[in-house]
Amino acid sequence: MGTTSIIWFRKGLRLHDNPALLAAAQGADHLCPLFILDPWFLQPDKIGVNRVQFLLESLADLDASFRARGSRLLVLRGKPQEVLPRVFKEWGVTRLCFESDTEPYANQRDATVRQLAETAGVEVHSPVSHTLYDPQLLLARNGGKPPLTMQAFTKLVDAVGPPPAPAADPPEKLPPLAPQAASLAAAACSVPSLSDIGYPPAGSTPFKGGETEALARMADYLSDKDWVCAFEKPKGNPALFLRPATTVLSPYLKFGCLSPRMFHAKLQQIYSERSGKHTQPPVSLRGQLLWREFFTLCGAAIPNFDRMEGNPICRQIPWVDDADFIQAWEESRTGYPWIDAIMAQLRQQGWMHHLARHSVACFLTRGDLWCSWEAGQAVFDKYLIDADWSLNAANWQWLSASAFFSQYFRVYSPISFGKQYDKNGDYIRHFLPVLKNMPAKYIYEPWTAPLSVQQAAGCIIGKDYPRPIVDHATVHKENMAKMKAAYDAGKAAAAGHTAAAATAAAAAGADGASGSASGSTAAGGKGGGKPAKRARKS
DNA sequence: TAATTGTTGGCAGC
DNA sequence: GCTGCCAACAATTA
C-alpha cells in the first residue's frame, strides 16, 4: 500500500527547518501540503486586517515555493476538526504531519485531530520546531514547573545545552499531490484574497508576510555584524520608524516564516567569528529569542495564562475597565501625543517598538487609566501582526506589574519618556498629522500651548485634538498607592492560606521586613557613608 | 539577616 | 550627560 501524506500548516509557514514537512515527504508516494482557514482566526472584530493580510501573503509565498518543487499549497476553509476527517477519506491519507503548538486553542484542536486520525487509521507525526527547545523537555528538566525569572530560565537553558540544529532543506522535487487532491486543486483551493474572506480589500502595514521576506530581512539585519554583536535591547530608540531599531523579525517568527533555530544558528555563527566580543542574554539578539522561549514555556505550563483570575502567577489587582478610557486609548484619543502616536502606529502598521509598547501598556494599566491588562491584551491581539498568545499575555502581565515584574513605582511618563529619544517629535508628527505643525516646545504637551500657537499650528486643543483624559501627575501617584494596597492585600491573602502558627510567623516576618528596609536605608552607607548605588544605566 | 540584582523610570541638581 | 534620590518589590545569594 502506498503512502499518502498531509503536511498540515498552521504556523511554521516555511520550507526551511521544517521537520514536519520532511517527515511527511519521507518515502511518500503522494504529499498534500494543506492549510485550513479556520473561522476562529478570521473574525474581523477580533483580528485586524493587517495580520490576516500578512498570513495570506505568507501562504502565497509558501504556495510559490511548493510550485517550484513540483507541488502546490491547498487552502481549504472550515474547522480543521471537520475538514481533516473528510480529506483523510477522499484523498486516501495514511500519514498526517504538523508542527507541534502549545497554545490552549491549538492543544484542544490538535488533541481532537489526533483522535480523528487514529480512528481513520492515519499515523501522526508532530515534531517541535516553533521554539528552540521542546517546552515539555524544558519543563521536565526543571522539575515540572516553569522557571519564573529570566535568570532561572537562562540557567535552565545553559544546563540543557544548545538547541537542536535546523533540519535539512526539503528535496528539490517533492512527491506529487494525491490524484483526488489534484483534481480538487483545479477548483477553489487557492490562497484567497482578503475580500474573499470578509475583510477589507487591503491592510495598511508596510511589512510583507512570507518566508522569502523573512530570510531577506534576516540577512539584511545580520549583514551588519558589528550591529549584531553590539545589540542591546533597552538601548534602542522606540521613535525610529523608517528603519526600526530592532529587526522586526517578530511577525515572521510568530507565523513561523522564519525558524528560530535558523536565526539562532546564524547568530551563534556571527558571535563565534567575534570570539566572545558580543552582548549577552537577556539584552543581546540571542537573548530576545530566549525571552520568546521563556514566555512560550510559561504560556504552555501555567493555567489561565491570558487571564488574571485563576492564573496562579498573576497578582489580583482591582482594575476598573472604563469602556470610554479603553476606547480612547485604542483610538488615539487620550490627549497625550506620545501615547496616541504609538497607538496610531499600532493600528496602521501592526507593529511598534518594544519600549513604545511599554509606554502604552503602562499608561492603560497601572500608570494612568487603571484598566485591566486583559483589555489591553485584546486590543494588541487585534492589531499586532506579531501577536503571539503567550508573549502578549506575558508582556501585559509584566508591564502591569501583575507577574514577573514588581517595581510598580517605576512609571513611564507619557510626556517625558518619548522626549528623551525624539526631542522634535518627528514620530508624533508622522503618526498624528493633526499635530504636525505644533512647535517642538509643545508637541508632547500641546494643551500647554497658548491659543495663538495652537491657531498658528492649525490645531486647537479640545477641538482638533483632545485634551488629556486624565492628569498624569495626579493619577499616577494615586495608582501607585492602589498598587501598594493590592500588593499588601495579596501578601495578606497568601499569609491567610497558611496555618495559624505560620500566620503568626508571617506577621512577625512582615514586621522584620519593614524594619530591615528602613534599617538598610539608614545603614546603607558603605565606606564613604554614601548609600550603595547600583548602576541602572550603563 | 543583609546585600545584591533585576532587559528598558522620573526628576532635580549640577 | 551624569549622580543621587524618590519610596520601595521579590528572588537569590552571601
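Any value given below was found using the heavy atoms of this structure, including those in side chains, with hydrogens, waters and symmetry copies removed. All chains are named by letter (A, B, ...) in the order of the sequence lines, taking the proteins before the strands, and each is independently numbered beginning at 1.
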Checking all strands, does [X] fall into the base, sugar-phosphate, or nothing category for heavy-atom contacts under 4.0 angstrom?
X	value
A:Lys477	nothing
A:Met480	nothing
A:Phe417	sugar-phosphate
A:Arg315	sugar-phosphate
A:Lys419	nothing
A:Val411	sugar-phosphate

Answer yes or no: is there an ion pair linking [X] with [Y], defined by an N-O contact shorter than 4.0 Å?
X	Y	answer
A:Arg357	A:Asp386	yes
A:Lys477	A:Asp471	no
A:Arg307	A:Glu374	no
A:Glu445	A:Lys419	yes

[X] [atom1] - [N] [atom2] separation (whole Å):
X	N	atom1	atom2	result
A:Met483	C:dA7	CE	C1'	15 Å
A:Leu355	B:dT7	CG	C1'	9 Å
A:Phe409	C:dC6	CZ	P	13 Å
A:Tyr408	C:dA8	OH	P	6 Å
A:Gln280	B:dT7	CD	C1'	13 Å
A:Tyr444	B:dC11	OH	P	14 Å
A:Leu148	B:dT5	CG	P	22 Å
A:Lys423	C:dG1	NZ	P	11 Å

Check: A:Tyr336 ring centre within less than 6.0 Å of A:Tyr444 ring centre | no
Taking the six-membered ring for Trp and the full ring for Phe, Tyr or His, determine whether the centres of A:Phe295 and A:Trp291 are under 6.0 Å apart.
-> yes
Which value, in whole Å, describes the distance between the [atom1] atoms of nucleotides [N] and [M]?
N	M	atom1	answer
B:dG10	C:dA10	C1'	22 Å
B:dG6	C:dA8	C1'	14 Å
B:dT4	C:dG4	P	15 Å

Taking the minimum atom-to-atom distance to the side chain of [X], which one of [options] wins?
X	options	result
A:Ser413	B:dG9, C:dC9, B:dG10	B:dG10
A:Tyr487	C:dA10, B:dG9, B:dT7	C:dA10
A:Gln151	C:dC9, B:dT8, B:dG6	B:dG6
A:Pro234	B:dG10, C:dA10, B:dT7	B:dT7
A:Thr149	B:dC11, B:dT7, C:dA11	C:dA11

Does [X] place a side-chain N or O at less than 4.0 Å from the phosphate oxygens OP1/OP2 of [N]?
X	N	value
A:Gln420	B:dT8	no
A:Lys491	C:dA10	yes
A:Ser406	C:dA8	no

pair_partner(C:dA8), Watson-Crick or wobble, both distances < 3.5 Å, evaluates to none
Which base sits across from C:dT3 as a Watson-Crick or G-U pair, both distances under 3.5 Å?
-> B:dA12
Lys/Arg cation over aromatic A:Phe255: A:Arg51, 6.0 Å, 45° cone = no
Under the 5.5 Å and 30° test, is A:Trp291 stacked on the base of B:dT7?
-> yes
